[in-house]
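Whatever order the structure lists ligands and atoms in, that order sets their numbers, starting from 1. These numbers come from the heavy atoms of this one structure, side chains and all, not from hydrogens, waters or symmetry mates.
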Amino acid sequence: MTELSHLPAWRLAELVAAREVSARELATLHLARIARADAALGAFLLVDEAGALGRADRIDAALARGEQPGPLAGVPLALKDIFVTRGIATTVASRILAGWIPPYDGTAVARLYAAGANLLGKLNMDEFAMGSSNENSSVKPCRNPWDLTRVPGGSSGGSAAAVAAGLCAGSLGTDTGGSIRQPAAFCGLVGMKPTYGRVSRYGVVAFASSLDQVGPMTRNVRDAALLLQAIAGHDPHDATSIDAPVPDYRAACERGARGLGGLKIGLPAEYFVDGGGINPEVERAVRAGIARLEDAGATVVPVSLPHTKYAVACYYLVATAEASSNLARYDGVRFGHRAEGTGSLLELYCKSRGEGFGPEVKRRIMLGTFALRSGHYDAYYRKAQQVRALIKRDFDEAFTQVDLIATPATPTAAFRLGEKAADPLAMYLADIFTISCNLAGLPGVSVPCGFTEAGLPIGLQLIAPPLCEEQLFTAAAAHELATDFHTRRPPELA
Ligand code: GLN
């Protein structure tokens with residue numbers, strides 16, 4: 001039998017509900033694994049040992065009293081440190097929020113607790129979710145468990161590393177331009193960015209509000225469905241959350257076993273161009289993944305998304321403009337970090353912001369402020385919004401012909417720490433295949449579709465029309481049934 005640390009989350013919930021395993025046993029086992037492995041990995045920013053054991057005991061006591069177990073009963077999760085957690089420090093891996101202990105739980109967190117999940121701690125990330133490698137964390141880098149010289153991806157790098165290494169059974173990340181799907185691809189996980197508004201952003205530290213979305217990162221498709229089921233749905237605290245019923249995602253996964261007959265999958269020419277920067281090993285694995293979908297009954301059709309080439313530029317205008325506005329609240333007075341000093345208020349303000357934000361965050365604030373400046377607004381921000389509408393229209397047109405779109409999740413497998421750190425533009429291109437989805441507000445998932453010769457995971461991305469996460473789960477489940485990638489494990493850390 002697979003060890004408990006690598007069983008699916010859905011299976012752990014079954015075992016706890018049947019009282020074959022206790023929530024405390026699961027918490028203790030995973031805490032021990034974290035203590036053993038995380039010094040090498042750097043996935044955790046905070047381990048809430050006492051809190052996790054206390055919650056586990058409360059879950060076990062409720063079960064002993066005969067209370068109905070939740071769908072995530074006793075499942076040990078850990079969350080990207082962007083989720084606001086009551087009584088547990090939340091830092092977005094930034095010095096500017098160091099020491100902030102939130103007085104409330106965000107909606108996604110509260111819903112996980114309500115489903116019976118346990119929380120082991122908070123996970124490393126790029127500061128304010130800005131990055132593609134986790135190297136922008138102000139605390140420490142995080143490493144890829146498949147190869148410790150490589151990045152886990154970003155910005156939800158800690159989530160990807162912890163789940164892949166079996167330090168927790170699943171995680172939530174956030175995805176503004178790829179931060180769930182790209183690290184999921186680099187670490188061999190399933191990572192889904194739902195439709196914009198499907199999951200509440202209340203209690204999620206904002207990066208770029210019109211792009212940010214919360215989603216699951218797990219070792220298999222059904223776990224992703226289980227987590228999304230728990231957190232999706234309307235929330236009066238978030239005016240952008242969609243007021244639509246949440247379908248049965250588990251049933252959608254089960255439909256994958258019946259094959260994909262009748263499903264039309266579009267291959268966008270623009271994502272597979274010669275010299276487009278896609279690594280040949282990645283392309284081969286992605287094409288093999290698409291062939292598996294065809295074997296399951298899907299038909300593949302060429303489609304065109306002609307404005308793809310503008311996506312990265314458009315994203316970096318929209319995202320930085322929104323970030324510069326969102327981050328204006330961290331003025332060193334209202335939140336967290338306060339600079340020492342006796343100078344003028346202005347001096348104090350500049351000092352605290354200077355010391356509080358890392359270089360990438362400062363770069364984004366500068367860029368965004370520049371793009372929004374009067375006199376620049378029409379040339380940059382307004383133009384970017386117009387391009388964004390064209391990118392969305394490309395997808396609308398493609399979805400009149402196909403049900404899903406398939407692309408690589410990333411142009412390469414995980415790169416080495418330091419490889420792109422000095423070159424922001426090279427780093428920005430790591431998200432070239434994931435960004436359009438955020439600009440268009442669409443759901444997308446990355447699923448493991450193979451490994452490089454060096455043993456690094458590769459991700460296949462599937463994109464659906466708004467609120468069609470069910471189709472993604474069905475196709476992803478059908479693909480998973482034809483592979484064993486989700487059962488492979490990175491080397492055990494000492
Ligand atoms: N890598 C992209 C960026 O740096 C996307 C980040 C994200 O999705 N949060 O902005």
Side-chain angles (χ1 to χ4, degrees), residues 79-83 92-94 123-138 142 151-160 171-186 191-194 196 199 201 204-217 311-327 357-368 371 384 388 409-412 414-415 419-421 423-446 459 461 463:
L79 302 178
K80 184 179 187 178
D81 200 21
I82 199 166
F83 291 93
V92 281
S94 180
L123 295 166
N124 208 350
M125 57 182 285
D126 285 300
E127 182 177 8
F128 276 95
M130 297 174 184
S132 307
S133 68
N134 216 108
E135 290 164 294
N136 296 334
S137 166
S138 77
C142 177
V151 303
S155 64
S156 314
S159 296
S171 184
L172 295 186
T174 57
D175 191 313
T176 305
S179 282
I180 289 175
R181 291 159 287 155
Q182 186 255 18
F186 279 11
M192 181 182 281
K193 180 202 98 72
Y196 179 76
V199 180
R201 291 181 294 110
V204 180
V205 177
F207 164 10
S209 304
S210 78
L211 301 162
D212 297 345
Q213 181 57 200
V214 173
M217 301 171 75
V312 172
C314 173
Y315 168 84
Y316 277 96
L317 283 167
V318 174
T320 57
E322 293 185 17
S324 72
S325 157
N326 274 326
L327 271 58
F357 288 135
E360 183 60 27
V361 176
K362 283 191 221 164
R363 181 180 297 122
R364 306 273 179 121
I365 293 173
M366 297 286 285
L367 254 170
R388 183 176 185 175
T410 59
T412 66
F415 46 90
E419 196 177 316
K420 298 183 198 280
D423 182 352
L425 287 183
M427 189 71 87
Y428 294 174
L429 291 174
D431 289 317
I432 192 161
F433 297 141
T434 46
I435 269 173
S436 298
C437 216
N438 301 72
L439 289 168
L442 304 173
V445 67
S446 175
Q461 176 175 237
I463 304 172

> Is the closest heavy atom of E360 to ligand 1 under 4.0 Å?
Replying inline: no
> Is the backbone N or O of G178 less than 3.5 Å from a side-chain atom of D175, with the two atoms forming a donor-acceptor pair by type?
Replying inline: yes
>> Tell me if the aromatic rings of F128 and F357 count as close, with their centers under 6.0 Å from one another.
In response: yes
> Numbering the atoms of ligand 1 from 1, which are under 4.0 Å from a heavy atom of F207?
Replying inline: 9 (N), 10 (O)
>> At less than 4.0 angstrom from any non-hydrogen atom of A129, what atoms of ligand 1 do you find?
In response: 6 (C), 7 (C), 9 (N)
> Looking at Y315, which atoms of ligand 1 are within less than 4.0 Å of one of its heavy atoms?
Replying inline: 2 (C), 3 (C), 5 (C), 6 (C), 10 (O)
> With backbone taken as N, CA, C and O and side chain as the heavy atoms from C-beta onward, which portion of T176 lies under 4.0 Å from ligand 1: side chain, backbone, both, or neither?
Replying inline: both
>> Taking G157's backbone N and O only, do any of them form a donor-acceptor pair with N124's side chain (distance below 3.5 Å, no angle check)?
In response: no
> Is the closest heavy-atom distance from S155 to ligand 1 below 4.0 Å?
Replying inline: yes
>> Classify the ring geometry of Y316 against Y428: parallel below 30°, tilted from 30° to 60°, perpendicular beyond 60°.
In response: parallel
> Can you list the ligand 1 atoms lying under 4.0 Å from a non-hydrogen atom of D175?
Replying inline: 8 (O)
>> For atom 2 (C) of ligand 1, what is the closest protein heavy atom, and at what distance to 0.1 Å?
In response: D431 OD2, 2.9 Å
> Does D212 reach the main-chain N or O of T174 with its side chain, forming a donor-acceptor pair under 3.5 Å?
Replying inline: no
> Which of the atoms of ligand 1 are close to S179, meaning less than 4.0 Å from one of its heavy atoms?
Replying inline: 5 (C), 6 (C), 7 (C), 8 (O), 9 (N)
>> So is Y316 touching ligand 1 or not, going by heavy atoms under 4.0 Å?
In response: yes
> Between V361 and S94, is any pair of side-chain heavy atoms under 4.5 Å apart?
Replying inline: no
> Does the Q182 side chain pair with the main chain of S132, one donor and one acceptor, at a distance under 3.5 Å?
Replying inline: yes
